[in-house]
Number of protein chains: 2
Amino acid sequence: MASRGYGQYCGLARALELVGERWALLIIRDLLVGPRRFSDLRRGLPRIPSNVLSDRLKELEERGVVQRRILPRPASATVYELTQYGAEIEEAIMRLGTWGAQALGEPRPDEIVTADSMTIALRSTFVPGQATGKHLSFELHMGPVVLNGRIDNGNLQVGEGPVPQKDLVVYTGPALKRLFDRSLTPQQALEADLVTIEGDPALLETFAQVFQIGSHRETASA
Amino acid sequence: MASRGYGQYCGLARALELVGERWALLIIRDLLVGPRRFSDLRRGLPRIPSNVLSDRLKELEERGVVQRRILPRPASATVYELTQYGAEIEEAIMRLGTWGAQALGEPRPDEIVTADSMTIALRSTFVPGQATGKHLSFELHMGPVVLNGRIDNGNLQVGEGPVPQKDLVVYTGPALKRLFDRSLTPQQALEADLVTIEGDPALLETFAQVFQIGSHRETASA
DNA sequence: CTGGATCCCTCACGATACTG
DNA sequence: CAGTATCGTGAGGGATCCAG
C-alpha cells in the first residue's frame, strides 16, 4: 500500500512509508514488549494472515525498523526484535494508543485482549508524576490475560503471568478503561462488581491513581 | 483498509481503525495547521486521487475526527476542520513526524515540500526549553515554500507567506534537516552555500538552536 | 472555479492450503 | 514451527465527468 510513496519530503510521510501499512504498528507494539518469534506474533495477532505477517516483517527489516536474530543453541529459533531506530518509535505509539483509547467503548464481541497489548496499555497510561512515593506490586487479570507489575516511585515494571508476592490482585474487564479515564471511581467499580480484588481496597485507589487516559484538566480548576 | 477492524480491544488498534488508512494522517497533518477546503487539501496533497480524499474526509467525519463547516456568507464555502477529539492527536503526529524525519535523506526527485508540512515540521521540532530568553522573527524559504515565524521565549508562532518585519531571512533546501539533526553547523551550512541568509549570521545560530530532530544525548556526555 | 462523483484498472490484502 | 504458494476480492490510483 504505502509501497508507493506519498511524494512528500516530510517526516510524517516518511514515517508512514516505513510503518504505515496495515498491521505494521501492531506488530511493532508487540515487539516493544520484547523480542518475539513468528508464532508468538501470530498468537498475539490472531487475525493477521501469515503471509501478511511474513511480508510486514520482511519490509520492516528492509527498512531498518526490525531485525532478525538467531537465538544461540540449543534454542536455534529466529526471533524478531526492534532495531535501535525502530525502538525509538515507542513514544509515538504510546501517544497514538492513548488517543485511540479514548474512543474505546465496550469491546465488540469479536475483540480480544492480549498480554502484549495490555502491557503497552499499562506502560502508556502510567503517569510517573502520580506515582512519586507510591509502592505497589500487583497482579492484574483481564479475562484470560494475567499480568504482574511493580510500581516504585516514578517507575513501573510490567511482566506477563502471575507472581507469588503481591500486595494486590485485580480481576476486571473493560471497566479498567473506565477507571483510567476517571469515569468510574474504584469504589463504584467494586460496588458494581466490575472489579474484584484480593487485598486492601485502599491499594486499588493507589493503583487507579497512577494510570490515566486523557488529560483531565478539570481537576486543576478544582 | 482498516474498514475491517483488527479484532483487538486496544487503544492503538482503535486509533488505527480511526486514522490508519492511507492518506488519513497526512490529511490530518494539514488540518492541524488550520481549517482547509477540499481544494486546499488537494493542493497540499497533489498525489491523492480526489475520490480517495473524498472517501477519507467522509470516514473521518463519521468517526468524529473531522467536521465540515459551512463558512458564513459571502464565502459560503465548506471547510474541513478537526474536531476537538481530532485535534488531540497532535502530539502523536508530531512524534511520528520527528521519528520519520530521522530517516529522511536527500529528497527524491518527485518529492515536494508544502507549506503545511513545513509548518508542522517546524512546530514539531521546536524545543521550548532551548528558546527561553530567545526572541527572533524570521522568514524561511524552502524552494517555493515561504513561511514566517516568531520565536518568543518558549513560544513559536508559524504562518505562511512573507512578512515585512523580520530579523532574519533564511533561504535553504534539504540542508535544513541537517541543521536540525546537528549533522551540519550553521557556519558549515553558510560556507557550503547550503543556506543563504539576509541578516546577522549569529541569528542563524539562534534559529538552529531552537529546532531539533532526535535527542542528541551525546552532547550531555561532553 | 470549487467540490466532488463515477469508471476502470491494478495491486495489495486476506483466506486457505501447503512445504521445509 | 516458520514460513511460502496460490488465488479471489476489494481498496487505492488515476482519468474523466458532473453539479453548484
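Quick caveat: nothing in here was measured; it's all calculated off a predicted structure. Here is how names work: the chains are called A, B, and so on, in the same order as the sequence lines, proteins then strands, and each is numbered from 1. Just so it is clear, the values below take in all heavy atoms, side chains as well, and ignore hydrogens, waters and symmetry mates.
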Under a 3.5 Å distance rule, please check whether B:Arg56 uses its side chain to pair with a backbone N or O of B:Arg22 as donor and acceptor. yes
Bend angle of the helix from C:dC1-D:dG20 to C:dG20-D:dC1, end axes from five pairs each (to 10°): 30°
Looking at every strand, decide which applies to A:Arg43 at a 4.0 Å heavy-atom threshold: base, sugar-phosphate, or nothing. nothing
Specify the separation, in whole Å, of atom CG of B:Leu41 and atom P of C:dG4. 10 Å
Given D:dA11, is OP1 or OP2 found less than 4.0 Å from the side-chain N or O atoms of A:Arg22? no
Would you say the side-chain atoms of B:Tyr6 pair up with the backbone N or O of A:Ile48, donor to acceptor, closer than 3.5 Å? no
Side chain to side chain donor-acceptor pair (under 3.5 Å) partners of A:Thr83, counting only residues at least two apart: none
In whole angstroms, how far is the C1' atom of D:dG12 from the CD atom of A:Glu21? 13 Å
When the ring planes of A:Phe138 and A:Phe207 are compared, do they come out parallel, tilted or perpendicular, using 30° and 60° as the limits? perpendicular
Return the value, rounded to whole Å, for the distance between atom CZ of B:Arg37 and atom C1' of C:dG3. 10 Å
Starting from C1' on D:dA19, measure out to CZ on B:Phe38 and report it in whole angstrom. 14 Å
Member of B:Arg178, B:Met142, B:Lys177 meeting the side chain to side chain contact (heavy atoms under 4.5 Å, CB included) criterion with B:Thr172: B:Met142
Interatomic distance where CD1 belongs to B:Ile48 and P belongs to C:dG3 [whole Å]: 15 Å
Describe the nucleic acid contact of B:Ser39 in one word from base, sugar-phosphate, nothing, applying a heavy-atom distance below 4.0 Å. sugar-phosphate
Whole-Å gap separating P (C:dC13) and CD1 (A:Ile27): 11 Å
Gap between atoms CG and P, on A:Leu60 and D:dG3 respectively (whole Å): 14 Å
Return the value, rounded to whole Å, for the distance between atom CG of A:Leu53 and atom P of C:dA12. 18 Å
Which is more 5' along DNA chain C, the nucleotide nearest A:Ser50 or the one nearest B:Tyr80? Just name the residue. B:Tyr80
Is the shortest side-chain N/O distance from A:Arg56 to OP1 or OP2 of C:dC13 below 4.0 Å? yes
Is the backbone of B:Gly105 close enough, under 3.5 Å, to the side chain of A:Tyr9 for a donor and an acceptor to pair up by distance? yes
B:Arg68 side-chain N/O to C:dG4 phosphate OP1/OP2 under 4.0 Å: yes
How many angstroms lie between atom CD1 of A:Ile28 and atom CG of A:Leu41, to the nearest 0.5 angstrom? 11.0 Å
Any B:Lys58 side-chain N or O less than 4.0 Å from OP1/OP2 of C:dG4: no
Most 5' of A:Asn51 and A:Ala77 on DNA chain D, judged by nearest nucleotide: A:Ala77
So what does B:Ser54 touch, heavy atoms closer than 4.0 Å: a base, only the sugar-phosphate, or nothing? sugar-phosphate
